[in-house]
Amino acid sequence: MKRKVIQHKWKKKLFALILVVFCLGSLLFMQTCYNHVAGLVSLQHHFVSEPEVQGPKIAFLFIARNRLPLEMVWDAFFRGGDSKFSIFVHCRPGFILNKATTRSTYFLNRQVNNSVQVEWGEASMIEAERVLLRHALSDPLNDRFVFLSDSCIPLYNFSYTYDYIMSTSTSFVDSFADTKEGRYNPKMDPVIPVYNWRKGSQWAVLTRKHAKVVVEDETVFPMFQKYCKKKPLPEFWRAHYIPADTSKVHNCIPDEHYVQTLLAQNNLEEEITRRSLTHTSWDISNNKDRERRGWHPVTYKYSDATPMLLKFIKEIDNIYYETEYRREWCSSKGKASTCFLFARKFTRTAALRLLNMSVMGNFN
């Protein structure tokens with residue numbers, strides 16, 4: 001009887017020992033499985049990266065007649081963009097950028113669908129700018145808005161251009177006090193007082209805040225539509241009344257005044273760098289008609305398109321504003337720099353010649 005009791009106790013201890021071993025083995029197996037699964041998950045994360053958060057973009061806003069004659073120059077420029085840009089084109093109403101009208105995939109169907117008929121020297125030009133901004137603002141990632149003509153070229157590659165524009169919180173707006181008679185119409189007062197009247201290049205770079213100010217404006221724009229109009233030229237006087245004293249006729253070019261004056265009206269001049277990033281050379285030389293001198297910029301043709309021309313433009317590091325006795329020394333990221341990122345007006349053959357000479361920078 002005693003022997004059976006001993007055997008029974010020994011079996012209970014053996015069973016308990018087997019149970020402990022089994023549990024330990026199970027725990028070890030589960031730990032091994034966990035480590036294996038964790039390793040697979042880690043490996044999966046190694047090969048499948050998290051989706052990249054996209055940063056702010058620059059919206060390039062082209063004002064064109066129909067086609068974009070310099071599209072292949074811009075095509076080379078945008079190849080280095082890495083989705084940091086968007087494109088909007090204002091063409092004449094009804095014009096479509098498809099495979100028959102553009103060779104660049106970047107411009108396919110990039111025309112805005114509610115364009116207006118633009119006449120030089122009329123308020124329709126600034127309405128085209130407002131249309132472009134409305135479309136571009138629909139993308140919340142668009143943080144800067146660059147106005148360009150169809151004759152503009154980039155002077156540097158995309159990376160340099162992006163860093164230059166995004167390195168500051170300001171807009172770039174060529175703006176200075178217009179003290180010469182003939183542009184400001186006193187009938188604009190008191191809505192637009194003369195001390196807020198500004199002049200400058202229409203080729204501005206706006207922050208998102210300032211772009212919204214432009215599209216939401218319901219005060220300054222109507223005044224420009226009514227009172228800011230170009231002076232009729234003598235050859236068109238048959239279609240207009242003949243003024244008794246042509247010297248007193250206001251010659252107001254809306255796109256040279258609107259954005260500058262609007263920002264001054266809204267007390268935003270402290271938030272802008274008061275210069276343009278687009279170089280333009282004005283013809284003030286030997287036009288027989290004094291009234292027309294300086295009305296239109298120089299157009300660079302094939303023979304003008306040389307490395308020396310671009311070197312000259314790129315080496316400009318300051319701009320002088322005679323009406324304000326102000327010299328604007330150009331800087332980027334707190335250091336002295338070139339003033340211009342773009343230049344106009346270039347013919348198609350001139351721009352392609354510069355592209356083939358690789359003097360605009362290594363776009364790729």
Side-chain angles (χ1 to χ4, degrees), residues 61-65 88-95 111-137 145 147-150 171 173-204 206 209-233 236-237 239-243 246-269 272 276 291 295-296:
L61 313 178
F62 291 87
I63 298 178
R65 296 170 181 82
F88 299 86
V89 184
H90 185 286
C91 307
R92 64 171 171 79
F95 185 83
Q111 77 284 342
V112 295
N113 57 15
N114 57 340
S115 61
V116 298
Q117 185 62 47
V118 173
E119 298 292 338
W120 179 81
E122 300 291 341
S124 55
M125 178 66 81
I126 53 180
E127 176 57 21
E129 295 177 356
R130 284 155 57 92
V131 169
L132 284 166
L133 286 174
R134 288 190 196 102
H135 282 270
L137 282 167
F145 305 81
F147 285 113
L148 297 161
S149 77
D150 56 10
S171 293
V173 181
D174 185 42
S175 177
F176 54 92
D178 183 19
T179 58
K180 296 180 180 179
E181 296 182 2
R183 290 294 185 101
Y184 177 76
N185 191 331
K187 292 180 180 180
M188 293 180 174
D189 190 66
V191 178
I192 305 175
V194 67
Y195 55 79
N196 280 339
W197 186 246
R198 300 288 185 271
K199 184 183 179 185
S201 168
Q202 77 176 104
W203 312 114
L206 300 180
K209 174 184 176 180
H210 296 162
K212 287 182 177 180
V213 170
V214 174
V215 301
E216 293 171 1
D217 169 39
E218 296 180 352
T219 304
V220 175
F221 181 61
M223 299 299 291
F224 269 72
Q225 287 180 304
K226 189 173 183 179
Y227 296 117
C228 184
K229 299 179 180 180
K230 71 175 183 288
K231 182 178 180 179
L233 297 175
F236 298 124
W237 281 354
H240 298 79
Y241 72 92
I242 300 177
T246 58
S247 65
K248 294 183 179 180
V249 176
H250 296 283
N251 184 35
C252 182
I253 311 301
D255 54 79
E256 295 181 356
H257 297 274
Y258 174 64
V259 172
Q260 294 83 350
T261 300
L262 176 63
L263 295 179
Q265 282 280 100
N266 285 274
N267 298 312
L268 294 172
E269 289 189 298
I272 68 175
S276 175
E291 292 287 336
W295 275 25
H296 296 289

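Below, all heavy atoms of this structure are taken into account, side chains as well, without hydrogens, waters or symmetry copies.
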Q | Partner set under salt bridge (Lys or Arg N to Asp or Glu O under 4.0 Å) for E269, not counting sequence neighbours | A | R198
Q.
Please report the interatomic distance CZ(R183) to CG(N251), rounded to the nearest 0.5 Å.
A. 5.5 Å
Q | Spacing of CE belonging to M125 relative to CH2 belonging to W120, to within rounding of 0.5 Å | A | 9.0 Å
Q.
What verdict does the side chain to side chain contact (heavy atoms under 4.5 Å, CB included) test give for N185 and K229, after you've listed the backbone C-alpha separation in whole Å, the side-chain angles of each residue and the deciding distance to 0.1 Å?
A. CA-CA 10 Å; N185 191 331; K229 299 179 180 180; over 6 Å; no
**Q.** Closest contact, heavy atoms only, D217 versus F221
**A.** OD2-N, 2.8 Å
Q: Could you pull out all residues at least two apart from C252 that satisfy disulfide bond (SG atoms under 2.5 Å apart)?
A: C228
Q: Please round to the nearest 0.5 Å and tell me the distance separating atom NZ of K226 and atom CE of M188.
A: 11.0 Å
Q | For W203, all residues meeting side chain to side chain donor-acceptor pair (under 3.5 Å), sequence neighbours excluded | A | none
Q: Could you tell me which residues satisfy side chain to side chain contact (heavy atoms under 4.5 Å, CB included) with P93, sequence neighbours excluded, listed by chain and number?
A: S115, Q117
Q) Mind checking whether V194 and D189 have side chains closer than 4.5 Å, heavy atoms only? A) no
Q: Please list, chain by chain and in numerical order, all residues satisfying ring pair (Phe, Tyr, Trp, His ring centres under 6.0 Å) with F224, sequence neighbours excluded.
A: W197, Y258
Q) Any side-chain heavy-atom pair from I126 and Q202 closer than 4.5 angstrom? A) no
**Q.** Any I272 side-chain heavy atom under 4.5 Å of H210 side chain
**A.** yes
Q.
If you define the side chain from C-beta out and look only at heavy atoms, does anything of L133 sit under 4.5 Å from F88?
A. no
Q) Can you name the nearest heavy-atom pair linking L132 to L61, along with the distance? A) CD1-CB, 3.9 Å
Q. So, does H135 use its side chain to make a donor-acceptor pair with the main chain of V89 at under 3.5 Å?
A. no
Q: Could you pull out all residues at least two apart from Y227 that satisfy ring pair (Phe, Tyr, Trp, His ring centres under 6.0 Å)?
A: none
Q.
For a quick test of reading the model, state the closest non-hydrogen atom pair linking V131 to N114 and the distance between them.
A. CG1-OD1, 3.4 Å
Q. What residues, two or more places apart in sequence or in another chain, satisfy side chain to side chain donor-acceptor pair (under 3.5 Å) together with Q260?
A. none
Q. With sequence neighbours left out, what residues match E127 under salt bridge (Lys or Arg N to Asp or Glu O under 4.0 Å)?
A. R130, R134
**Q.** Non-hydrogen atoms of F145 and L137 that approach each other most closely
**A.** CZ-CD2, 3.5 Å
**Q.** Over all atoms of both residues, closest heavy-atom pair of G121 and P254
**A.** O-CD, 3.4 Å
Q) R65: what forms a salt bridge (Lys or Arg N to Asp or Glu O under 4.0 Å) with it, not counting sequence neighbours? A) D150
Q | Shortest non-hydrogen separation from V118 to S124 and the atoms involved | A | CA-OG, 3.6 Å
Q) Taking only residues two or more places apart in sequence or in another chain, which ones pass side chain to side chain donor-acceptor pair (under 3.5 Å) with S149? A) S151, R344
Q: With sequence neighbours left out, write down each residue that passes salt bridge (Lys or Arg N to Asp or Glu O under 4.0 Å) with K209, or none if nothing qualifies.
A: E271
Q | OG on S171 to CG on L263, rounded to 0.5 Å | A | 6.5 Å
Q) Distance from M223 atom CE to L262 atom CG, nearest 0.5 Å? A) 13.5 Å
Q: Tell me, please, which residues at least two apart from D255 pass side chain to side chain donor-acceptor pair (under 3.5 Å).
A: none
